[in-house]
Amino acid sequence: MSIPIACATTLVLAAGIASAAPSLPGVGIRHYGEFPADYRPTTITLGTDGSVYAGSNDNAVTGAFIRRVPPGGGSSVLFSNNKIFDPDGVLFDATGAFSGVANSLLVACSGSNEGFGVIYALRPDGTQLTVAGPLQVLNNNDSMAFNSQKVLYVNVYPNERIVRFSGQTPVPVIALTGTGGGSVMVIDDLDRLWVTCADGSVRRYGSDDVLQATIALGPGADPAVAFCPGGAMTKGTYVLNNQSHVLSRIDAANQLVPVGTGFPQAYGITFDAAGNLYVAAYQTGEVFRSGCPADLNSDGLIDDADFSIFAVAYDILDCADPAMPALYPADLNRDALVDDADFGIFVVAYNDVICG
Ligand SMILES: [Ca+2]
Ligand SMILES: [Ca+2]
Ligand SMILES: [Ca+2]
Ligand SMILES: [Ca+2]
């Protein structure tokens with residue numbers, strides 16, 4: 001009987017390795033759902049009910065359906081009733097501030113004419129209306145974000161511009177000339193706008209649209225950004241380096257504080273209101289979600305392998321000790337010590353066995 005059990009264990013471990021699971025020490029991260037392998041999620045956004053919507057970089061001339069991973073995770077389901085051409089950018093419009101339709105999904109796309117862009121809204125039933133464009137000032141627009149006043153900003157990559165809507169009129173407000181153009185954009189709780197650029201940097205602009213900081217990650221970093229409001233993970237703006245596959249928080253001094261490793265190539269990253277992280281892998285469509293902190297080796301199981309890692313760290317105690325494993329996975333309450341407080345958290349999670 002031991003042979004089948006051993007085989008089953010090996011298969012589970014092999015599957016974990018094959019998916020190149022990311023690691024988020026002290027927080028945990030696990031498989032949550034998946035889009036089709038060829039979906040190429042480029043932006044993701046969360047619905048009020050917890051659905052994960054993704055824009056697709058499927059540039060088929062016939063268009064692509066917008067899909068969502070349902071609340072609680074699992075395989076994606078169709079959302080849009082019709083195919084949409086070049087639907088890279090998605091942003092949930094919970095209040096209907098931009099679309100006029102509560103709980104609608106904004107979709108930023110190329111127009112049917114070369115050099116133009118359009119923003120659609122998908123109603124909760126998946127039907128579609130045009131909200132802006134087609135306009136040259138929105139040329140092939142993609143990443144979108146709301147500020148605290150629910151004013152919409154849109155990245156217009158080919159124009160090397162970020163556009164802000166004044167009512168329904170798009171007005172260019174930030175020039176990204178010389179950066180290679182913007183990619184992923186997010187607005188934090190202070191209405192500061194963060195945009196990743198093709199030159200491998202993250203640029204931060206104040207609510208007055210003035211450049212405040214340029215954080216260079218390297219020419220090949222191809223980064224993505226997201227803002228965490230606090231809670232399950234420390235509040236702040238996070239950047240994923242798609243060359244090193246390291247996720248870092250950007251601290252108040254604009255320094256990168258690494259928090260996770262082994263991430264897949266991804267541009268669709270976001271946080272929910274409780275500070276949980278969602279990541280959609282660009283190449284595979286796999287969706288990861290943070291959580292399951294006692295899974296110290298990030299294999300989806302909570303077992304004796306994790307306890308062994310915990311026991312070693314508990315004996316070392318101080319995260320400043322060079323012997324402590326990198327990124328301190330056993331410091332579950334993130335206070336720089338591995339002690340009885342962490343053990344209390346570990347024991348509760350250990351009883352769950354499988355990351356739920
Ligand atoms: Ca595209
Ligand atoms: Ca596009
Ligand atoms: Ca584990
Ligand atoms: Ca601790």
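Counting starts at 1 for both ligands and their atoms, in listed order. The structure presented is a predicted model; accordingly, all values stated were derived computationally and were not measured.
Excluding water, every protein N/O/S atom under 3.0 Å from the Ca ion (ligand 3) is given here by residue and atom: Asp295 OD1, Asn297 OD1, Asp299 OD1, Leu301 O, Asp306 OD1, Asp306 OD2.
When the N, O or S atoms of Asp86 are ranked by distance to the Ca ion (ligand 2), OD2 comes first. The Ca ion (ligand 2) is closest to atom OD2 of Asp88 (considering only N, O or S atoms).
When only modelled atom types and interatomic distance are considered, Asp340 and Tyr314 share a side-chain donor-acceptor pair under 3.5 Å. No hydrogens or angles considered: a donor-acceptor pair under 3.5 Å links the side chains of Asp86 and Ser110.
For Phe98, the CZ atom sits in a packed shell: over 12 heavy atoms of surrounding residues, nucleotides or ligands are nearer than 6.0 Å. Within 6.0 Å of the CZ atom in Phe79, the count of heavy atoms belonging to other residues, nucleotides or ligands exceeds 12.
Relative orientation of the Phe307 and Phe343 rings is perpendicular, given thresholds of 30° and 60° on the angle between their planes.
Proximity of the aromatic rings of Tyr238 and Phe271 is defined here by a centroid distance below 6.0 angstrom, and this criterion is met. Checked against a 6.0 Å centroid threshold, the rings of Tyr32 and Phe288 do not count as neighbours.
At a threshold of 4.0 Å, the pair Asp188-Arg204 does not count as salt-bridged, since none of the basic side-chain nitrogens sits closer than that to a carboxylate oxygen. Of the charged side-chain nitrogens involved, none lies within less than 4.0 Å of a carboxylate oxygen, so that Asp88 and Arg40 do not count as a salt-bridged pair.
Look at Asp142 and the Ca ion (ligand 2): no N/O/S atom of the residue is under 3.0 Å from the metal. Among the backbone and side-chain atoms of Asn59, no N/O/S atom is found under 3.0 Å from the Ca ion (ligand 2).
For the side-chain contact (heavy atoms from CB on, under 4.5 Å) with Tyr350, the lone residue among Asp303, Asp304, Asp295, Ile345 that qualifies is Asp304. Screening Leu217, Val184, Ile215, Asn242 for a side-chain contact (heavy atoms from CB on, under 4.5 Å) involving Thr196 leaves a single residue, Val184.
Around the Ca ion (ligand 4), protein atoms of type N, O or S found under 3.0 Å number 6.
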